[in-house]
Amino acid sequence: PPAPKDGIPPPPVGIEIPMRTESKRKQRKQRLPRSSRRKGGGRRHRRRPGAPPPHLLPASASTKPRKNQNQYHDASILDTIREIEKGIKKAPELKLNRIPDPPEEYKGVPSAEKKTQERYGAQSLRPRSIFSTVTSWAPPNISKIGHYSKCFNEMLANERKWCGEYAVFYHSYSHAAILYEIHAALAKVLFGFEEASPLPRLCMDPFKKVPDAKILKEKHERVWSTDHHPEFRGAAICGTSSLKAEDSEAPPYRVFEHGYHVGQVGGFFQQLLDVAGCRQIMDKIVELGIKNGFPFSVFPESTKYMFKNDKRVHTPSKPGRLLQIFIRRDIVEDYVYCSHPMGHPDLNRPSVKKAVSSGGQVKGQVRICVNPRVFMRPELVKIRTFSADSTFSHTKRQQFQEELQALIARHLNTECLRHSAVKRLSEPLKHMAGTAHFYHPAPYVASPSS
């Protein structure tokens, strides 16, 4: 036998040592082109060039359709929806330079009811409305910060001013702020909306199926399982009935600094500009928004504008916003309902008008149908906005709105362009189809603790 080398004896003669080979998974990865590799090995689904992806094919063209590909596979659910939508009246067409007519004529609030509500005082401070400043009840994160304390005191002053005729609700938000401002600017340019206060919704198509709170509530009871359903998100927002409410998912005094954001809004920015015919000026709108401190990090369309000279543009550290929404008491039952988390109707508070008109403590969540036909009429709905960013004052917001309106007006500079934008606002939106896992046949039953 050969002599040992470096002290290591050679292998016995006649025994073959197996060579170390790479794993099958690694070999398989090496055989595939880079575009077809993925973590964990295996092959991706390959489709012929030019063919649409499987989730965009109709159900009959796909052998294994996705669970959430179509809206409502169950025939009984479709029958329920037809039954709910049976009594919906067809809304009149939108007209240029004219605020849309409300769904019906409203009588107003009786003078006796006004006096009673004024005697009860600010809705958030009932039953002890003599405590008029935030220092008497607000936590340190509000009462000890000058700007926050000023905002909340102003909200309470608004409540005392309008409590006789209007019920008040609060909606916390952050990333959707630029969408609400674009809605307001478009409403001013196309319909003559003088207030130009933030509008949560402007596209009219979702309100053909959900025009008011009655339909919204009934669909939650009989069809949907969550307020993340696309039809809900197209027509309604979440809210709370008091600044002091502690039984909400997002109490205003806790989320004021950073806002409250659930669900994705990234795809709606570009879609809104397409509907308005303003896609060509998207870069100017984004630059104007970043200049005024609006958060854009969730919008993939604005990624290229987030960096300047290879440095990230300053993003606001306090993106929180709070809408103060005053709805006239004679219509509050038509556009608001009391709810539990996820939008399920609160059976312990069947009437929202009674819940917010009593002299006792007002609390609990609500869901608000934000139909633009009502929300663009200041005599029916008044909206005020407050920002956690101390540099974004009411005066600065007004300047921003004027610049945004001028930018849109210069782009839509002919009647033909404006008529086209008005027409598209009534057409169905893309990416708003419902999905199968957003509904359930049985109504939600609250636990005793809630």
Side-chain angles (χ1 to χ4, degrees), residues 94-102 151 154-155 158 161-162 166 168-171 173-204 207 237 239 259 265 268-269 272-273 275-278 281-282 284-295 319 321-328 335 368 370-389 391-413 415 417-418 421-422 424-425:
L94 299 177
K95 294 183 179 179
L96 183 63
N97 299 326
R98 179 178 172 181
I99 293 179
D101 296 326
C151 289
E154 188 175 341
M155 292 180 218
N158 290 341
K161 180 180 178 181
W162 290 314
Y166 296 87
V168 65
F169 305 96
Y170 293 92
H171 169 65
Y173 63 109
S174 57
H175 296 100
I178 189 64
L179 300 179
Y180 293 4
E181 296 294 344
I182 293 175
H183 289 160
L186 284 170
K188 170 68 175 177
V189 173
L190 298 178
F191 303 114
F193 178 42
E194 292 296 334
E195 288 279 306
S197 55
L199 275 179
R201 303 290 183 271
L202 186 61
C203 297
M204 301 292 182
F207 299 96
I237 59 174
V265 295
F268 291 102
F269 178 66
L272 174 61
L273 296 182
V275 169
C278 298
I281 57 172
M282 181 173 70
K284 295 180 181 178
I285 293 175
V286 172
E287 289 174 4
L288 180 63
I290 292 176
K291 174 185 170 184
N292 285 271
F294 283 86
R321 301 282 201 280
L322 192 62
L323 279 190
Q324 189 180 33
I325 305 171
F326 292 90
I327 302 179
R328 212 167 70 182
Y335 295 97
I368 308 170
V370 285
N371 194 327
R373 297 180 184 278
V374 173
F375 274 63
M376 273 196 280
R377 295 196 165 267
E379 70 275 12
L380 298 178
V381 176
K382 298 181 184 296
I383 300 179
R384 299 293 181 266
T385 182
F386 297 87
S387 172
D389 184 0
T391 63
F392 193 73
S393 60
H394 294 307
T395 305
K396 188 173 180 181
R397 182 194 169 268
Q398 186 176 359
Q399 293 173 354
F400 164 75
Q401 259 299 319
E402 290 173 357
E403 291 181 34
L404 183 60
Q405 291 168 16
L407 186 62
I408 293 174
R410 284 196 300 270
H411 181 68
L412 302 177
N413 54 3
E415 270 201 36
L417 289 173
R418 297 189 182 190
V422 170
R424 283 192 297 270
L425 284 173

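Note that the structure is a prediction, hence the values are computed from the model and not measured.
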Q: Measure centre to centre between the rings of His171 and Tyr173, then say whether the value is under 6.0 Å.
A: yes
To the nearest 0.5 Å, what is the distance between [atom1] ([X]) and [atom2] ([Y])?
X	Y	atom1	atom2	value
Lys188	Ser197	NZ	OG	12.0 Å
Leu96	Leu417	CG	CG	11.0 Å
Lys382	Phe375	NZ	CZ	13.5 Å
Glu195	Glu379	CD	CD	9.5 Å
Ile408	Ile281	CD1	CD1	6.0 Å

Please check: side-chain N/O of [X] versus main-chain N/O of [Y], any donor-acceptor pairing under 3.5 Å?
X	Y	value
Gln324	Met155	yes
Arg424	Val275	yes
Gln405	Leu186	no
Arg418	Leu412	yes
Asn292	Leu288	yes

Q: Applying ring-ring contact (aromatic ring centres under 6.0 Å, His included), run through Phe169 and Phe326 and close with a yes or a no.
A: CA-CA 7 Å; Phe169 305 96; Phe326 292 90; 9.3 Å; no
Q. Which of parallel (below 30°), tilted (30 to 60°) and perpendicular (above 60°) describes Tyr180 and His183?
A.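 Aromatic pair Tyr180/His183 classed parallel.
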(Q) Quick one, Asp389 with Thr391, criterion side-chain hydrogen bond (donor to acceptor under 3.5 Å, both in side chains). Give me CA distance, side-chain angles, the key distance, then yes/no. (A) CA-CA 5 Å; Asp389 184 0; Thr391 63; 2.9 Å; yes
(Q) Around atom NZ of Lys95, are there more than 12 heavy atoms from other residues, nucleotides or ligands closer than 6.0 Å? (A) no
Q: Would you verify whether the NZ or CZ of Arg397 falls within 45 degrees of the ring axis of Phe386 while also being under 6.0 Å from that six-membered ring's centre?
A: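 Negative - Arg397 is either too far from the ring of Phe386 or too far off its axis.
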Taking the side chain as everything from C-beta on, heavy atoms only, tell me whether [X] gets closer than 4.5 Å to [Y].
X	Y	result
Lys291	Phe400	no
Leu404	Ile182	yes
Ile327	Ile368	yes

